[in-house]
Protein chains: 2
Amino acid sequence: MDSSMVRKRRADALSRTRIVEAAIVLLDSAGEGALTFRALAAKLDTGLGALYHHLTDKADLVAAACDTIVVKVLTNLDASAEPVDRVRQLGLALYDAMDQHPWLGSTLPRVRGLSVVRILEPIGQSLVQLDVPQPEQWSTASALLHYMLGVGGQTAANAQVARLGDMNRESYLEAAAKEWAALDPVAFAFVRSVAGQLPRHSDRQDFLAGLDLILAGTRMLTVASKTRPRRKA
Amino acid sequence: MDSSMVRKRRADALSRTRIVEAAIVLLDSAGEGALTFRALAAKLDTGLGALYHHLTDKADLVAAACDTIVVKVLTNLDASAEPVDRVRQLGLALYDAMDQHPWLGSTLPRVRGLSVVRILEPIGQSLVQLDVPQPEQWSTASALLHYMLGVGGQTAANAQVARLGDMNRESYLEAAAKEWAALDPVAFAFVRSVAGQLPRHSDRQDFLAGLDLILAGTRMLTVASKTRPRRKA
DNA sequence: ACCTGAACACCGTTCAAGT
DNA sequence: ACCTGAACACCGTTCAAGT
């Protein structure tokens, strides 16, 4: 019962879930480069080989970490909302998760397993409810998925650069804005013209604006198909 | 003048450009995992340290490889085309480059340097020409950029999985379709419903369809702004 | 069955030493 | 100035050996 005994007998046994949770903590606190089997073993106070008894691979570990977050995001969604709102909610929830766990955006695309399919499913279901014509359902769902993943990748990259330079978000954006403003006025006319808004802008709002752009384009697909009315199911 | 002398005196001296070109060949032929300073040194018949005399980092090398491709893509664009067509051309050219160099899609987002800004610039210029209102220019250009990068990331991931499994595109897609068809009928209703089209679909056409979705949404921004007409410059 | 940690085959990067 | 290659400090992964 005394503390030395508790320390000897581990509070909870090593398990896949515990390892993955520790991996997420490691990734969140110090970035992708910090996830190491050795660091993980030290954090869990165990040996290297023990980890391989619960995981097949590092890829397996990363995939499990991703899937844990993705499942959590999808579980918290409100299924009763209108289809368009469901997609927006899903997008924002995913954005927030990628913002909170920057390693997610760079890892999710290349992860094996169901994580990406899990995200695709509610998107597709919403499009079906929106009466997007069958031939366009797949490409539209893909477009929404790729957009979300693309934003996540960039979020991850920015977080990584900021971390390497040991900067916070504001100083990073201001440095980028200054860099852009110094570019060639002819070749980079547009980028220079928007450099000023860079430090003040909200990535989250921009994400939603882009999502709404795709959803607006999607609405036109349904409108176009409604001119040839189909009977209801 | 005889061949032994030619072999002794290297045909062309080691240079940053030559190194980057060799790196691209290595990446194209065997994937991201094959790009190693040791492999590169062997290919160029030089020492390890010599490479560091022309490069600061591995990140520097990868960034240079990316930028080489990006610059090539952008150089070949037809600047005289209509704005919408310019964006589509740019998108397709980028898609093709990412298809041909699968490592590009997974690397581009996290690369330091101008590569991403180079892509953003012509997108933004096209939006200006399209009379997209100033407040929406940045978020719209970002959306288009992120979409393109998102598709590239997925292309890269698919190529990677196919390479690991030693499969060609067709057998990879058929395996994925079979996997999807075996998913839970309730939880994955949508994904199952589109599994059949997976082997036959064209990623390139889907990419364009998604791009057009965003462009259709963008057109609505300009139409909306035209109801309050502004004087011409 | 579950765990340990030394050992192996790699990496990126550095640096004294050469030309 | 440019190049060499041994050396260093890491990796992921394996595996005989322990309990």
Are side-chain heavy atoms of A:L44 and A:L51 found at a separation under 4.5 Å?
->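 Yes; the side chains approach each other to less than 4.5 Å.
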Is there a side-chain contact between A:T107 and A:H101, using heavy atoms and a 4.5 Å cut-off?
->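 Result no, sub-4.5 Å side-chain heavy-atom pair not found.
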Scan side-chain atoms only and decide if A:N168 and A:S171 contain a donor-acceptor pair under the 3.5 Å cut-off.
->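 The answer is yes; a qualifying pair exists.
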Is it the case that A:T155 and A:D99 place a side-chain donor and acceptor less than 3.5 Å from each other?
->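 Their side chains do not contain a donor-acceptor pair, so the 3.5 Å distance test is not met.
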Criterion side-chain contact (heavy atoms from CB on, under 4.5 Å) against A:Q154, the qualifying member of B:L145, B:L108, B:L149 =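 Answer to the side-chain contact (heavy atoms from CB on, under 4.5 Å) test with A:Q154 among B:L145, B:L108, B:L149: B:L149.
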For B:F190, does its backbone N or O pair with a side-chain atom of A:E121 as donor and acceptor, under 3.5 Å?
->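 Yes.
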Sidechain-backbone polar pair: B:R192 side chain, B:L183 backbone, donor-acceptor under 3.5 Å |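 Yes: the side chain of B:R192 pairs with the backbone of B:L183.
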Selection: residues 24-34 of chain A, any non-hydrogen atom under 4.0 Å of DNA chain D =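 Heavy-atom cutoff 4.0 Å gives no residues at all.
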Ignoring backbone atoms, test whether A:H54 places a side-chain nitrogen or oxygen under 4.0 Å from the OP1 or OP2 oxygen of C:dC3.
->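 So the side chain of A:H54 is within the cut-off, an N or O lying under 4.0 Å from OP1 or OP2 of C:dC3.
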Compare side-chain N and O positions of A:T36 against OP1 and OP2 of D:dC11 and report whether any pair is under 4.0 Å apart.
->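 Looking at the OP1 and OP2 atoms of D:dC11, one of them is under 4.0 Å from a side-chain N or O of A:T36.
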Going 5' to 3' through nucleotides 13-19 of chain C and flagging B where a protein heavy-atom sits under 4.0 Å of the base, S where only the sugar-phosphate is that close, and - otherwise, we get BBB----
Whole angstroms only, please: what is the [atom1]-[atom2] distance between [X] and [N]?
X     : N      : atom1 : atom2 : result
A:I19 : D:dG12 : CD1   : P     : 14 Å
B:R16 : D:dA1  : CZ    : C1'   : 18 Å
B:L40 : C:dG12 : CG    : P     : 10 Å

When the ring planes of B:W180 and A:W138 are compared, do they come out parallel, tilted or perpendicular, using 30° and 60° as the limits?
->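 Plane angle between 30° and 60°, so tilted.
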Do A:R112 and A:D57 sit within salt-bridge range, that is, some charged N less than 4.0 Å from a carboxylate O?
->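 Yes, charged N to carboxylate O under 4.0 Å.
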When rounded to the nearest 0.5 angstrom, what is the spacing between CD in A:E32 and CD in A:Q160?
->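 Here the rounded value is 6.5 Å.
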Dot-bracket summary - DNA chain D, pairs being Watson-Crick or G-U whose distances fall under 3.5 Å, with | when paired to another strand = ||.|||||...|||||.||
Would you name the heavy atoms of B:L74 and B:I119 that are closest together and state the gap between them?
->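 Shortest heavy-atom separation between B:L74 and B:I119 comes out as CD1-N, 4.2 Å.
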NA contact type, B:L35, heavy-atom cut-off 4.0 Å: base, sugar-phosphate, or nothing?
->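 Since only primed, P, OP1 and OP2 atoms lie under 4.0 Å of B:L35, the category is sugar-phosphate.
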